[in-house]
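For reference, the structure discussed in these notes is given below.
We use all heavy atoms of the structure for the numbers below, so side chains are in, but hydrogens, waters and symmetry mates are not. Chain letters run A, B, ... following the sequence lines, proteins first, then strands; residues in each count from 1.
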Amino acid sequence: MTIRTRFAPSPTGYLHIGGVRTALFNWLLAKQAGGQFILRIDDTDSRRNLDETLQPILDGFNWLGLDWDEGPEVGGPHTPYFQSQRLAHYQAAAKKLLASGHAYRDYSSPAEMATEREAAEKEKRDFVYSRTWMAESDEQAAEFESQGRSFVVRLKMPRDGKCEFHDLVRGDVSFDWGREADHVIQRGDGTCLYHLANVVDDHDFDVTHVVRAVEHLSNTPRQIFILQSLGYEMPQYAHIPFVAEPGSKNKLSKRKIDQYLNNKDFKRLYQAGAEIAKRIGVEADPYSFNPVLVDFYRDIGFLPDAVLNYLVLLGWSLDDKTEDFSREEMLEHFSADRIVRSEASFDCQKLLSFQASYMNALPLKQKTKMCLGFLQKANLVSDPVECEQGNLISRIVESAGDRICMAGDILKFDTFFIADQNMEFEEKPFQKRMVKPANAGFLLAEFNKILNATDDFDAASLETALHGFCETQGIVVGDVIHALRVAVTGKAAGFGMFDTMAILGRERTCNRIQIALDELAKRVEANQ
RNA sequence: GGCCCCUUCGUCUAGUGGUCUAGGACUCCGGCCUUUCACGCCGGCAACACGGGUUCGAGUCCCGUAGGGGUCACCA
């Protein structure tokens with residue numbers, strides 16, 4: 001039997017990181033067995049524009065490389081894969097359930113239901129409908145209708161015995177039938193509800209394994225009742241724990257961003273992302289752009305494999321030490337029986353650390369290509385890029401090394417792409433390294449003369465030159481190199497100073513030092 | 001509140017009665033390296049929720065308590 005799994009997102013406009021984890025487990029389970037992973041769109045309740053709300057989700061899956069065998073864009077033998085287009089199937093199922101006596105027309109009014117519900121609550125017992133307005137025959141129905149009532153279709157749930165099933169993650173599970181409410185499966189207007197649609201679709205699509213978050217565990221009995229009443233075969237269930245908030249066990253929710261922003265690590269990641277977003281023209285509103293959403297990672301230059309590697313370990317492990325999983329390794333080793341039962345909180349730091357190590361392992365050429373995209377979006381480099389500038393970027397990326405954790409970090413090295421006269425000096429380092437040391441100006445001016453005259457302008461020659469200079473002046477490298485960095489880059493931190501100067505070239509390096517000296521003179525004058 | 005679920009370092013986890021003075025990873029804290037920043041290297045802190053059993057022996061089994069969570073729609 002081939003394994004068929006599905007992920008069924010509602011088109012909400014964004015792809016949630018917890019959802020992706022569920023999708024990943026589904027994908028892994030199907031793909032490792034040579035089965036199919038299906039994307040089904042749960043849009044029965046959707047009133048919004050589908051293009052707008054679905055596309056970001058599809059984009060997210062595409063970016064992550066979680067390909068689906070059947071669903072939107074690719075079609076498949078069970079098309080359509082949109083619930084909004086499958087109403088006829090659900091209605092046929094509801095009709096069948098009605099005919100077999102597993103469902104009934106209910107003529108109660110919302111107010112009457114509410115009264116019963118409140119009574120149950122007061123007596124601290126489960127709410128089970130009295131079935132006072134249940135119509136099982138056309139005569140009864142006519143009678144209720146003559147009273148001006150209208151009906152919905154409800155499930156006629158068993159009132160005794162137990163619903164038992166095996167769950168791949170939770171083991172043997174059992175619920176009392178008697179506690180299950182008679183849920184509505186079809187509205188008065190003929191439209192159908194989620195549980196019915198879900199069961200019918202899973203059956204129609206030949207889904208063999210239903211892998212979903214635990215919050216659906218308590219919905220399972222009613223779905224089993226539907227499927228058994230319809231004569232369907234029961235799928236394998238696997239209810240996986242949800243992804244919890246950073247630092248708590250609450251379910252991760254996109255609505256509580258304000259609260260997460262109080263979390264130190266979450267905030268730091270968000271701010272790093274927002275910094276990049278701002279420069280490439282991406283809206284950084286925390287409600288639509290934050291570490292709970294997959295877009296966030298794509299937009300700031302994460303590697304999909306790093307995200308996936310982090311997510312696969314959120315609630316699953318292979319053994320006591322293996323942490324690095326390529327896609328192939330995940331496919332080889334993943335198994336439902338090693339899924340953890342307790343919820344796992346989302347940890348930005350760990351995700352970041354996977355990103356750092358994946359980025360570090362990325363070949364220079366690919367890393368450069370990723371970075372180039374960000375430089376172009378920030379309008380620092382033309383698109384298409386000129387060949388010479390391409391080489392320059394490659395050198396910068398190489399020298400920056402692991403200082404570029406996400407591709408958007410390249411923007412920290414924007415100094416190379418800014419015209420000398422437009423360069424800005426960070427205030428604090430300028431004070432500390434240029435203004436405060438009495439001899440900084442003198443040393444820089446002297447060293448600038450040497451830079452102007454030196455034969456070669458590669459990193460090694462520059463290093464020799466500086467060491468020679470320090471010896472002549474009777475100082476150590478540390479006495480001048482900080483001022484040099486501030487003068488040449490405007491910043492306190494960066495990669496190797498000799499690489500920096502070599503990449504910039506003689507003309508620009510000397511020019512910048514002169515600009516810094518002029519600036520210094522201005523300040524000194526102003527202070528006197 | 002009813003029902004269901006969960007509970008090992010701050011976080012993700014290993015652990016299926018003795019090999020657990022509880023292992024790994026991230027974070028954190030020292031130190032080394034160093035022109036800054038980062039990396040890297042070395043070292044360190046840090047956990048079996050609690051109480052009863054069962055057993056020669058319990059993180060591991062049973063019961064209870066506490067805490068946390070999910071769910072109770074004509075949402076999905």
Side-chain angles (χ1 to χ4, degrees), chain A residues 8-12 42-46 83 106 108 110 113-114 117 120-127 151-154 169-170 173-176 178-181 183-189 191-195 197-198 213-221 239 241-242 244 246-251 264-265 310 313-324 338 340-354 356-357 360 400-405 409 412 429 433 463 466 470 476-486 489 491-498 500:
Chain A
S10 291
T12 51
D42 281 15
D43 59 348
T44 56
D45 198 43
S46 175
Q83 289 196 325
D106 176 47
S108 67
M113 282 308 266
R117 199 184 308 276
E121 233 164 82
K122 219 171 187 175
E123 290 166 40
K124 296 181 179 179
R125 57 174 169 79
D126 293 300
F127 166 57
F151 75 92
V152 294
V153 179
R154 304 190 97 98
V169 176
R170 346 259 353 151
V173 183
S174 107
F175 290 92
D176 289 334
R179 299 178 184 282
E180 296 292 321
H183 282 92
V184 175
I185 53 172
Q186 188 173 25
R187 298 184 182 96
D189 65 3
T191 58
C192 293
L193 265 35
Y194 171 73
H195 294 292
N198 186 265
V214 248
E215 52 259 45
H216 288 286
L217 186 62
S218 51
N219 299 151
T220 307
H239 287 93
F242 55 81
S248 109
K249 293 294 183 195
N250 294 346
K251 194 169 121 185
K264 184 172 92 313
D265 299 331
Y310 170 71
L313 292 173
L314 207 54
W316 177 84
S317 71
L318 174 64
D319 54 30
D320 60 340
K321 39 181 74 74
T322 316
E323 292 237 301
D324 294 337
R338 287 198 60 86
V340 169
R341 263 188 290 269
S342 58
E343 58 279 10
S345 37
F346 180 66
D347 181 357
C348 297
Q349 289 289 355
K350 187 127 185 173
L351 172 51
L352 210 49
S353 110
F354 274 109
S357 88
N360 202 227
D402 42 37
R403 275 163 271 247
I404 295 174
C405 174
D409 283 338
K412 289 179 186 164
R433 302 299 191 184
E463 184 162 7
L466 185 71
C470 289
V476 294
V477 170
D479 292 336
V480 68
I481 202 161
H482 303 293
L484 188 59
R485 180 181 298 282
V486 175
T489 68
K491 299 173 201 279
F495 52 79
M497 200 51 224
F498 305 112
T500 301

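- The C1' atoms of B/rA46 and B/rC3 are separated by 37 Å, rounded to the nearest whole Å.
- To the nearest 0.5 Å, the span separating CE on A/M497 from CD on A/E463 amounts to 12.0 Å.
- Searching all strands for a Watson-Crick or G-U wobble partner of B/rA25 with both distances below 3.5 Å returns B/rU11.
- Checked against B/rU27, B/rC74, B/rG70, the side chain of A/F242 finds its nearest nucleotide in B/rG70.
- Rounded to a whole Å, the CZ atom of A/R341 is 20 Å from the P atom of B/rG69.
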Practice prompt. May I have the step-by-step check of side chain to side chain contact (heavy atoms under 4.5 Å, CB included) for A/D126 and A/E180, ending in yes or no?
Written response: CA-CA 8 Å; A/D126 293 300; A/E180 296 292 321; over 6 Å; no

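- Regarding A/D319, its CG atom lies at a distance of 20 Å from the P atom of B/rA22, rounded to whole Å.
- When distances are taken from the side chain of A/M497 to each of B/rU36, B/rC74, B/rU35, the shortest belongs to B/rU35.
- A donor N or O paired with an acceptor N or O is found under 3.5 Å between the base of B/rA76 and the side-chain atoms of A/H195.
- Across all strands, A/G478 comes closer than 4.0 Å to no nucleic acid atom at all (heavy-atom distances).
- Side-chain atoms of A/S342 lie closest to B/rU7 of the nucleotides B/rA76, B/rU11, B/rU7.
- In this structure, A/Q186 places its CD atom 17 Å from C1' of B/rA73, rounding to the nearest Å.
- Separating the CG atom in A/D319 from the CZ atom in A/R338 is a distance of 7.0 Å, to the nearest 0.5 Å.
- In summary, the side chains of A/D43 and A/Q83 do not present any donor paired with an acceptor at a separation below 3.5 Å, with no hydrogens or angles considered.
- Judged by closest nucleotide on RNA chain B, A/L318 is the one of A/F495 and A/L318 placed further toward the 5' end.
- Remark: A/S10 is not in phosphate contact with B/rC75, judged by side-chain N or O atoms under 4.0 Å from OP1 or OP2.
- At whole-Å resolution of the value, CG in A/L313 and P in B/rG24 are 17 Å apart.
- Counting non-hydrogen atoms under 4.0 angstrom, A/E215 reaches the backbone sugars and phosphates but no base.
- For the residue pair A/T191/A/R187, the side-chain donor-acceptor check at 3.5 Å is satisfied.
- Among B/rC4, B/rC12, B/rA76, the nucleotide with an atom closest to any side-chain atom of A/H216 is B/rA76.
- Between A/Y310 and A/F346, the angle of the ring planes goes over 60°, which puts this pair in the perpendicular group of the 30/60° scheme.
- As rounded to the nearest Å, B/rC6 and B/rU21 have C1' atoms that lie 29 Å from one another.
- Set against B/rA73, B/rU35, B/rC12, the side chain of A/A344 has B/rC12 as its closest nucleotide.
- Residue contacts shown for A/R170 are limited to sugar-phosphate atoms, with no base heavy atom under 4.0 Å away.
- Checking B/rC4, B/rA14, B/rA38 against the side-chain heavy atoms of A/S317 singles out B/rA14 as nearest.
- Straight-line distance between the P atoms of B/rA22 and B/rC50: roughly 16 Å, to the nearest whole Å.
- Here the nucleotide nearest the side chain of A/R403, chosen from B/rG2, B/rC12, B/rU36, is B/rU36.
- Listed nucleotides B/rC3, B/rA14, B/rC26 differ in distance to A/R338; the shortest reach to its side chain belongs to B/rA14.
- Here the separation of B/rG44 from B/rG23, taken at their P atoms, is 12 Å to the nearest Å.
- If you check B/rU55 for Watson-Crick or wobble pairing at under 3.5 angstrom, you find it has no partner at all.
- Residue A/F498 is in base contact, counting any heavy-atom pair closer than 4.0 Å across all strands shown.
- Taking atom CZ on A/F175 and atom C1' on B/rG70, their separation rounds to 10 Å, with Å as the unit.
- If you check B/rU71, B/rG68, B/rA38 against the side chain of A/K251, the one that comes closest is B/rU71.
- Comparing B/rU35, B/rU27, B/rG2 by their nearest atom to the side chain of A/R485 picks out B/rU35.
- For A/S218, no side-chain nitrogen or oxygen approaches OP1 or OP2 of B/rG70 to under 4.0 Å.
- Using Watson-Crick or G-U wobble geometry with both donor-acceptor distances under 3.5 Å, B/rU19 finds no partner in any strand shown.
- Atom name P, nucleotides B/rU60 and B/rA14: the rounded distance is 16 Å, in whole Å.
- Comparing A/E463 and A/R154, the nucleotide of RNA chain B nearest to each residue sits closer to the 5' end for A/E463.
- Atom CZ in A/R187 sits about 14 Å away from atom P in B/rA73, given to the nearest Å.
- The C1' atoms of B/rG64 and B/rU54 are separated by 15 Å, rounded to the nearest whole Å.
- Looking only at side-chain heavy atoms (C-beta outward), A/W316 and A/V340 stay at 4.5 Å or farther from each other.
- For the C1' atom pair drawn from B/rC39 and B/rC48, the interatomic distance equals 35 Å after rounding to whole Å.
- When Watson-Crick and G-U wobble pairs are counted only if both distances are under 3.5 Å, B/rA73 pairs with no nucleotide at all.
- The two residues A/A344 and A/L314 come nearest to each other via the heavy atoms CB-CD1, 3.8 Å.
- Of the C1' atoms belonging to B/rG10 and B/rG31, the separation is 23 Å, rounded to the nearest Å.
- Of all nucleotides present, only B/rG31 satisfies the Watson-Crick or G-U wobble test against B/rC41, with each distance under 3.5 Å.
- For the pair A/I481 CD1 and B/rC37 C1', the interatomic distance rounds to 13 Å; values are reported in whole Å.
- A straight line from CG of A/N250 to C1' of B/rG69 spans 7 Å, rounded to a whole angstrom.
- Pairing partner, B/rG64: B/rC50, with both Watson-Crick or wobble hydrogen-bond distances short of 3.5 Å.
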Worksheet item: Would A/F127 and A/M113 count as a side chain to side chain contact (heavy atoms under 4.5 Å, CB included) if you check the C-alpha gap in whole Å, the side-chain angles of each, and the deciding distance to 0.1 Å?
Response: CA-CA 10 Å; A/F127 166 57; A/M113 282 308 266; 3.8 Å; yes

